[in-house]
2 protein chains.
Amino acid sequence: MVGQAGGKQPTINDVAALAGVSKKTVSRVINRSEFISEKTRKAVQGAIETLGFVPNPQARALAFRRNFLIALLHDNPNAQTVLNFQQGVLDAIKDSDLALLVRPVDRGSDRLLDDVRTFLEKQRPIGAMLLPPISENDDLAALCETLGVRYVRVGSAPLDDPQHCVSSNDHDVVKEAVRRLVDLGHRRIGFVRGPEGFRSAAEREKGFREALADAGLSLAEEHYAPGNYRYAAGVEAGEKLLALAEPPTAIFCSNDEMAAGVMSVAHGKGIAVPGALSIIGFDDSPTATHIWPALSTVRWPIRQMGVRAAQLLVPDFLGAGAKAIDPDPAALTSTFVERQSVAPPGR
Amino acid sequence: MVGQAGGKQPTINDVAALAGVSKKTVSRVINRSEFISEKTRKAVQGAIETLGFVPNPQARALAFRRNFLIALLHDNPNAQTVLNFQQGVLDAIKDSDLALLVRPVDRGSDRLLDDVRTFLEKQRPIGAMLLPPISENDDLAALCETLGVRYVRVGSAPLDDPQHCVSSNDHDVVKEAVRRLVDLGHRRIGFVRGPEGFRSAAEREKGFREALADAGLSLAEEHYAPGNYRYAAGVEAGEKLLALAEPPTAIFCSNDEMAAGVMSVAHGKGIAVPGALSIIGFDDSPTATHIWPALSTVRWPIRQMGVRAAQLLVPDFLGAGAKAIDPDPAALTSTFVERQSVAPPGR
DNA sequence: TTGTAAGCGTTATCAT
DNA sequence: ATGATAACGCTTACAA
C-alpha cells in the first residue's frame with residue numbers, strides 16, 4: 001500500500017515488529033504454513049497489508065536455492081507460436097509470484113546440452129518448458145530431471161509421461177482435414193512435408209497417409225514434396241507439383257508458410273484457388289488469414305497449451321483463478337478451420 | 001568444469017580456500033576490481049577454473065540489491081516484432097551474465113503503472129526496455145527513473161535523450177517510399193493510417209503527407225482511411241477506397257497487415273496488383289513475403305535495434321564481442337524494400 | 001593490495 | 001504453535 005518512492009521497502013523484520021511476532025512466524029504466514037493459529041495469521045496479514053510488505057524474491061531465491069521463475073526454452077522457427085505460447089503461460093502465472101524467463105537455444109549447436117545446463121544452474125528456475133522441436137530431445141528432459149528442475153515438454157504427440165507433456169493431436173486433425181478433401185471429391189492430393197527429424201512433420205504425414213488409405217487412395221510418389229516449414233520450400237514444392245502433366249487438384253501443406261508458397265506459385269501460373277486447386281495448411285498463423293484466398297488450415301490451441309503447461313509445471317504456485325482456466329480438455333484439441341482455399345475439384 | 005550431477009556447486013569460500021586468499025579477494029576478481037595484484041588474480045582465476053566455480057546469481061542479487069536481468073516490457077500487436085527484438089537483445093547479452101525477462105503489459109489497463117511498478121520492485125532488473133507503443137508513455141519512463149531501473153525506449157522517432165532511446169526513421173523512409181510511387185507516375189495515392197495515439201502512426205502519416213506535398217500533390221479526403229494496424233481495418237479501408245468513382249492507383253498502408261487486407265479486397269474485386277493498383281506496407285513482416293504478389297514495404301531493423309538497446313542499457317555488462325556488433329549506424333536505418341506489388345499506374 | 005566483520009532478506013533447524 | 005539462531009552465497013564498509 002505504501003511504497004514510498006525513494007524510501008526502503010519494508011522487510012520481514014518490520015512486519016514481525018509491527019505484528020509483535022518473530023520473523024519466522026511471518027515467514028510461515030507468507031508460505032502458507034499450516035502450523036499457525038488463525039489469530040496470529042490474521043495479525044500478521046494485517047501488518048503485511050498496512051506496511052505494504054512484499055517478500056523480496058532475491059532473498060527467497062537464495063534461501064530456497066531456487067528462483068521463482070519459469071524458463072521457456074525454444075528454438076522455434078515460428079515467432080507467432082512462441083509468443084502465443086508465452087502468452088498462455090503468462091495468463092496462467094499472472095496472479096502468482098512467478099515470472100517468465102525466455103531462452104532461445106540453438107538446437108544445431110553441439111553445446112546445446114552444456115548451454116542449457118549452465119543456464120539452468122545459474123538461473124535455477126522452478127521449472128522449464130520445452131517447445132518443439134527441442135522438446136523432442138530426451139537428453140534435455142533428462143538434464144532437467146538431473147538438475148532438479150521441473151519440466152514440461154510440448155509436442156505434436158505424447159512425448160513423455162502425461163505429467164511432463166502437453167501434446168496436440170496433429171495426427172487426428174490432419175486426417176480429418178484430408179478426409180474433407182476426399183469428401184469434396186478430390187482424388188489426386190499432393191503432400192508437402194515438414195523437415196526431417198521433426199516429430200510434428202512425421203505425425204502430419206502419418207495422418208495424411210492414413211486418411212488417403214481410409215479412402216482407398218495412396219500418395220503417388222510424384223505428388224509428394226519434401227519441405228522444411230519455410231515459404232521457399234512451399235514455392236519449390238508448388239513448382240514441382242503444379243508442373244506435372246496431371247497435377248494434384250488439392251495439396252496439403254504441413255504448415256501455413258509452405259501453403260503460402262504453394263499458393264503464390266498457383267497465382268503466378270494463373271491456377272485458380274480454390275477453383276482449380278484446393279490448398280490446406282497447418283498452424284492457423286496470421287499468414288493463413290492474410291493471404292488471398294484465406295487459407296483452410298488447422299488451428300493449434302497453442303495459447304491454451306501454454307496455460308496447460310503452466311498448470312502442469314507449477315500447480316502449487318498458481319492462484320485459484322489460474323487453476324480454473326480451461327478445465328475443458330476439448331479446448332486443447334486442434335481443429336480444422338475451413339476457409340476459402342478449399343472447394344470441390346475441377347470446378 | 002566439474003559440475004557433479006548431484007553434488008554441491010562450489011562456492012566463493014571453496015575458491016578462497018583453494019587459492020589461499022579471503023573470499024573478498026575472490027569477490028574482487030569476479031567483479032573485476034582494479035585494486036588487485038596480477039599475481040593473486042591469476043591464482044584466483046586458476047582456482048575458479050579448476051573448481052568450475054560460477055558465482056551464484058541469487059546471492060549476488062541479494063547483496064547487490066539488483067538482479068542480473070533485463071526486462072522487456074511490451075504490449076505489442078506484432079509477435080514477429082517482439083520476437084525479433086528479443087533476439088537482438090539476446091545476441092547482445094549472450095556472453096554476459098544477464099538473462100532476459102519478458103513482461104507483456106496491458107496498455108489499456110488503468111493499473112498499468114502499478115503493475116509495472118510492482119513488477120520492477122519485485123524483480124529488480126538492472127534495466128528495462130520499453131517497446132512501442134508503451135515506450136511512448138512518459139510516466140513509465142519516469143517510473144523506471146524513480147525506481148533506479150535503467151531504461152531504454154524504442155520508438156519511431158526520438159522519444160527521449162539519446163542514451164535512453166533507440167529510434168527508427170519512419171518519417172524519412174515513408175517519404176522515400178511514397179516518392180517512389182510519385183516517380184512511377186502515381187497521382188492518386190491513398191493512405192491507410194495506423195491507430196490514433198501511436199507515435200508511429202503519426203510519423204508515417206507525416207512522412208506520407210510531406211512526400212505528397214513535395215510533389216505538389218495533396219491527400220484527397222476521400223483517399224484517406226483510418227485504421228488500427230489490423231487486417232480487418234485494411235479490408236475496410238480497401239472497400240472504401242476501391243469503391244470510389246476515381247479510386248487511387250496506389251495505396252500506402254501504415255503496416256503490412258493492413259496492406260494484406262487492402263490486397264485481398266483488390267483480388268476479390270478483380271483489380272490487378274500491381275497492374276491496376278500498387279500497394280506498399282510497412283514492417284517487412286513475414287506476411288509481406290507470404291502474400292501474392294509480394295509486398296513492397298519498409299524494413300525496420302528491429303533485431304539490430306534490440307542489439308543497440310542492450311548496448312545502450314548495459315554497456316558495462318556486455319562482453320567485448322557484443323560491444324563490437326553493429327558499429328555501423330546505417331544498420332539501424334529503415335529501408336524501403338521494393339517487391340512486386342508496385343508498378344507504374346494504369347498499366 | 002588484502003582481509004575482517006557485518007550485513008542483504010529470507011528460510012531451515014531445532015528448541016520450547 | 002512459536003521463536004532464537006544459524007544458514008544461504010555474496011558484497012560493502014572499514015581496517016590493516
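Sequence lines set the chain letters: A, B, ... in the order given, protein chains first and strands last, and positions in each chain run from 1. It should be emphasised that the depicted structure is a prediction, and the values quoted were computed from it without experimental measurement.
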Phosphate oxygens OP1/OP2 of [N]: is one of them under 4.0 Å from a side-chain N or O of [X]?
{"X": "A/T11", "N": "C/dG9", "answer": "no"}
{"X": "B/R60", "N": "D/dT11", "answer": "yes"}
{"X": "A/T25", "N": "D/dG3", "answer": "yes"}
{"X": "A/T40", "N": "D/dA1", "answer": "no"}

In whole Å, what is the span from the [atom1] atom of [X] to the [atom2] atom of [N]?
{"X": "A/F68", "N": "C/dG9", "atom1": "CZ", "atom2": "P", "value": "17 Å"}
{"X": "A/F35", "N": "C/dT16", "atom1": "CZ", "atom2": "P", "value": "20 Å"}
{"X": "A/I48", "N": "C/dG9", "atom1": "CD1", "atom2": "P", "value": "16 Å"}
{"X": "B/N13", "N": "D/dA7", "atom1": "CG", "atom2": "P", "value": "12 Å"}
{"X": "A/R124", "N": "C/dT10", "atom1": "CZ", "atom2": "P", "value": "19 Å"}
{"X": "B/R65", "N": "C/dT10", "atom1": "CZ", "atom2": "P", "value": "12 Å"}
{"X": "B/N56", "N": "C/dC8", "atom1": "CG", "atom2": "P", "value": "19 Å"}
{"X": "B/D97", "N": "D/dC10", "atom1": "CG", "atom2": "C1'", "value": "14 Å"}

Carboxylate-amine/guanidinium contact A/R117 A/D139, below 4.0 Å: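 Looking at A/R117 and A/D139, the cut-off is not met.
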Ionic contact status for A/D97 with B/K122, cut-off 4.0 Å: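 Counted as a salt bridge, because a side-chain N and a carboxylate O are separated by less than 4.0 Å.
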Closest heavy-atom pair and its distance - A/P158, A/C165: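 Of all heavy-atom pairs spanning A/P158 and A/C165, the closest is CA-SG, 3.8 Å.
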Student check: side-chain heavy atoms of B/F119 and B/V105 closer than 4.5 Å: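 Not touching, per the 4.5 Å side-chain cut-off.
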Name the nucleic acid region contacted by [X], choosing base, sugar-phosphate or nothing; use a 4.0 angstrom heavy-atom cut-off, strictly under.
{"X": "B/V26", "value": "nothing"}
{"X": "B/P55", "value": "sugar-phosphate"}
{"X": "B/L62", "value": "base"}

A/S135 side chain vs A/V154 backbone, donor-acceptor pair below 3.5 Å: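 Indeed, once roles are kept as given, a pair shorter than 3.5 Å links the two residues.
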Please tabulate the protein-to-nucleotide N/O contacts below 3.5 Å involving nucleotides 12-14 of chain C, giving atom names and distances.
residue, atom, partner, partner atom, Å
C/dA12, N7, A/K24, NZ, 3.2

Side chain to side chain donor-acceptor pair (under 3.5 Å) involving A/S168 - partner list, sequence neighbours excluded: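 Side chain to side chain donor-acceptor pair (under 3.5 Å) list for A/S168, sorted by chain: A/D170, A/W300.
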Ring pair (Phe, Tyr, Trp, His ring centres under 6.0 Å) partners for B/F68, two or more places apart: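 For B/F68, the residues satisfying ring pair (Phe, Tyr, Trp, His ring centres under 6.0 Å) (neighbours in sequence not counted) are B/F64, B/F317.
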